[in-house]
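Protein chains get the first letters and strands the later ones, always in sequence-line order, with residue 1 at the start of each.
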Amino acid sequence: MRAPLWTHRRVRRGLLIIAVLGLAAVAAPLLAPYDPVEQPDLAGSQLLSPSLAHPLGTDLYSRDVLSRLLYGARVSLAIAALATLVALTVGTGVGLAAGYGTPAVDGVLMRLVDAGLAVPRVFLLLLVLALWEGASAATLILVLGLTSWLPTSRLVRAEVLSVRQRDYVAAARALGLSRWRILSRHVLPNVATPILVSGALGIGQIILVEAGLSFLGVGVPPPTASWGNMIADGQYHLASAPWLAAAPGIALIVTVVSLNLVADAVQDALDPRAA
Amino acid sequence: MSHPLLAVRDLGVSYQTPSSVARAVDGVSFTIDRGEILAIVGESGSGKTTLALSLLGLLPTPPAHVAPTSRIEYDGVNLMGADTAAWRRVRGREIGMVFQDPALSLNPVLSIGSQVTDVVRAHTGCSRSEALARGIELLGMVGVDGPELRARQYPHQLSGGLRQRALIAVALAGGPKLLIADEPTAALDVTVQAQMLELLVDLGRRLGLAVLLVTHDLALVAEVAHRVIVMYAGQVAESAPATLLFARSRHPYTRGLLRAARALDERGPRLAAVPGAPPPATAWPPACRFHPRCGHAWERCRQEAPGLLAAGTQHEARCWLVAEPEREAG
């Protein structure tokens, strides 16, 4: 049997960081010292620098930055993870259909993907979110997911095209296995590695895009904290209170880098020839 | 039981290339009886792999085109022009196939056991545990020792010979009556080659399995095949019972192959070979397709294509020498 993924040291390290971040997000209500939204005392405690009472300082509305960072992690990570799930599902489905279907199906699907990729993603997102009244977290997930599957579908299609030429697929056909069985047992497992890797990279991407949208004011609406709108709020006080943008910024970088590390390690770990 | 297990009649397969048409298989007919071991021998490009694939309806069309008059009769039923569902009832369940390279023909991410089990379940609809038991039994039958352990291993953990055995077990998992083996020994070293042929013969005997052995190695099939068909340029050049073919071959091409094989044993000063190179399938030579490489060729061979001429009981050769044996002296 192949060893489970988490027995690989590099996968474990990356996953450990992500797990800590994820746990912090999940346990935000327990960990956060203050309420992230409530604006207690506007006069006395605005833009305080980091201290024992407020380890990451406070923002313009006297809110504790650490608390907002923890609650923001929940929003940012959950939106990114779910949107990536949507993107992977759609992308894998379209990629399998294009790669294993008839040339006509392949042609139509891939031209649609080409057309989709020709539209700048942030522009598309801005358009949809601007037209969509009162974007909730669910719509944001859907919109992010449905605009992110295009590269995955191409990747999967390319892998499927190469896998379907392999002798073991020909052998499976020669032995009378059905199309579905060949697709699910022989093709899908052999394209799983690039899918997982593109997923791990995709989460990082989507966190950044969500941060960008919130930064531009169409993502997660205030007063709910997300890393993106925290950075957006912080930009006006970069000189006087740099911790406002730095805290969510660093959190963002750590998350994306460790996701990339995991993606890289997963790729190596899933290679059945490596021990 | 009056009809043979598999009868191929006038099979023609051509490939459409951008500039021309390649007639890879041209008017090939043969039959295989239950339990018979038939070898099809030919050099690269003689059409043998195309032939093997067409027997399972696995040729990609296009670019391949099967002549409409071709017939492939399995157990008396013509499969040519049958729909996918009819082909799938034959694939694996009636005709099993062992591919050339065991390293490439096993899925690297599935355990050996699940690859055998998948095929068992596709054809019998039995439960997972029953299928696994059957799979382990099959692995044992093809000479994999410790089949329970091997079933849990992945292809890269097995040696070349074991992989080939596992591949044969997978091919047998649907309970076929005919096994097509396309160059089953090409990727193996010589000692393992002999074991593998022994296994095929043994399986044929024990299971009443007919075996169609496709190979380029004439010497290899000498001891195992009941009948041998030699292919040249997409056509049957000679067809005879194995003993007869080795003792009294009538086609100059077959003799050339035999000489080349024997020369290896005798260590002559120079390796005997058939002169020239096999012609491309897009431009077969006119009349007799072998005449440019033939030491006996005369005017008739350049003018008129010979048919398969009877050279004895069950012995046919596509050569004018059969009609004019006196020419052979010179």
Side-chain angles (χ1 to χ4, degrees), chain A residues 1-5 7-8 11 92 96 99-107 155-156 159-197 266-275, chain B residues 49 52-53 55-60 62 84-111 113-123 151-157 163 167 169-176 179-180 182 187:
Chain A
M1 288 302 260
R2 188 162 61 212
L5 264 183
T7 57
H8 295 267
V11 178
T92 304
L96 284 177
Y100 206 69
T102 61
V105 173
D106 183 28
L155 189 73
V156 172
E159 285 292 318
V160 171
L161 284 182
S162 121
V163 167
R164 68 179 287 183
Q165 298 294 328
R166 308 268 167 87
D167 280 1
Y168 54 80
V169 173
R173 288 220 301 145
L175 294 173
L177 296 189
S178 68
R179 269 175 97 75
W180 275 114
R181 227 181 158 78
I182 294 175
L183 209 54
S184 62
R185 296 283 279 169
H186 292 273
V187 177
L188 192 58
N190 279 295
V191 301
T193 307
I195 293 176
L196 278 179
V197 172
V266 163
Q267 184 155 34
D268 294 346
L270 280 186
D271 184 348
R273 279 162 296 270
Chain B
T49 296
L53 289 176
L55 297 182
L56 284 167
L58 282 175
L59 286 175
T84 319
W87 275 116
R88 272 197 37 220
R89 277 194 291 278
V90 172
R91 292 175 193 158
R93 193 174 312 185
E94 302 294 341
I95 306 179
M97 179 143 181
V98 180
F99 280 79
Q100 228 174 74
D101 191 340
L104 301 176
S105 304
L106 289 167
N107 187 338
V109 304
L110 289 182
S111 68
S114 50
Q115 301 196 45
V116 185
T117 310
D118 264 8
V119 178
V120 172
R121 294 188 70 199
H123 293 292
R152 270 180 273 121
Q153 291 186 321
Y154 287 82
H156 70 274
Q157 294 170 300
R163 274 185 219 152
L167 203 58
V170 174
L172 292 176
L179 192 68
I180 301 177
D182 184 6

> If every non-hydrogen atom of A/Arg173 is compared with every non-hydrogen atom of B/Arg91, which pair is closest and at what distance?
Replying inline: O-CD, 3.1 Å

>> Quick check: closest heavy atoms across B/Ser105 and A/Asp167, and the distance to 0.1 Å?
In response: OG-CB, 3.6 Å

> Contact part of B/Ile180 toward chain A, heavy-atom cut-off under 4.5 Å: side chain, backbone, both or neither?
Replying inline: neither

> What part of B/Leu58 lies closer than 4.5 angstrom to a heavy atom of chain A: side chain, backbone, both or neither?
Replying inline: both

> Side chain, backbone, both or neither: which part of B/Val170 has an atom under 4.5 Å from a heavy atom of chain A?
Replying inline: both

> Considering all heavy atoms of both residues, which atom of B/Asp118 and which atom of A/Leu177 are nearest to each other, and what is their separation?
Replying inline: O-CD2, 3.8 Å

>> Any heavy-atom pair between the side chains of B/Leu110 and A/His186 that's under 4.5 Å?
In response: yes

> How close do B/Gly96 and A/Leu175 get, heavy atom to heavy atom, and via which atoms?
Replying inline: CA-CD2, 4.1 Å

> Do you know which of B/Leu53, B/Leu106, B/Leu167 has the most heavy-atom pairs with chain A at a distance under 4.5 angstrom?
Replying inline: B/Leu106

> What closest approach, in Å, do A/Ala174 and B/Phe99 show between heavy atoms, and which atom pair accounts for it?
Replying inline: CB-CE1, 3.8 Å

>> Between B/Leu56 and chain A, with a heavy-atom cut-off of 4.5 Å, which part of the residue counts as in contact: side chain, backbone, both or neither?
In response: side chain

>> For A/Arg185, which atoms come within 4.5 Å of any heavy atom of chain B: side chain, backbone, both, or neither?
In response: both

> For the candidates A/Pro189, A/Ala172, A/Ser178, which exhibits the highest count of non-hydrogen atom pairs separated by less than 4.5 Å from chain B?
Replying inline: A/Ser178

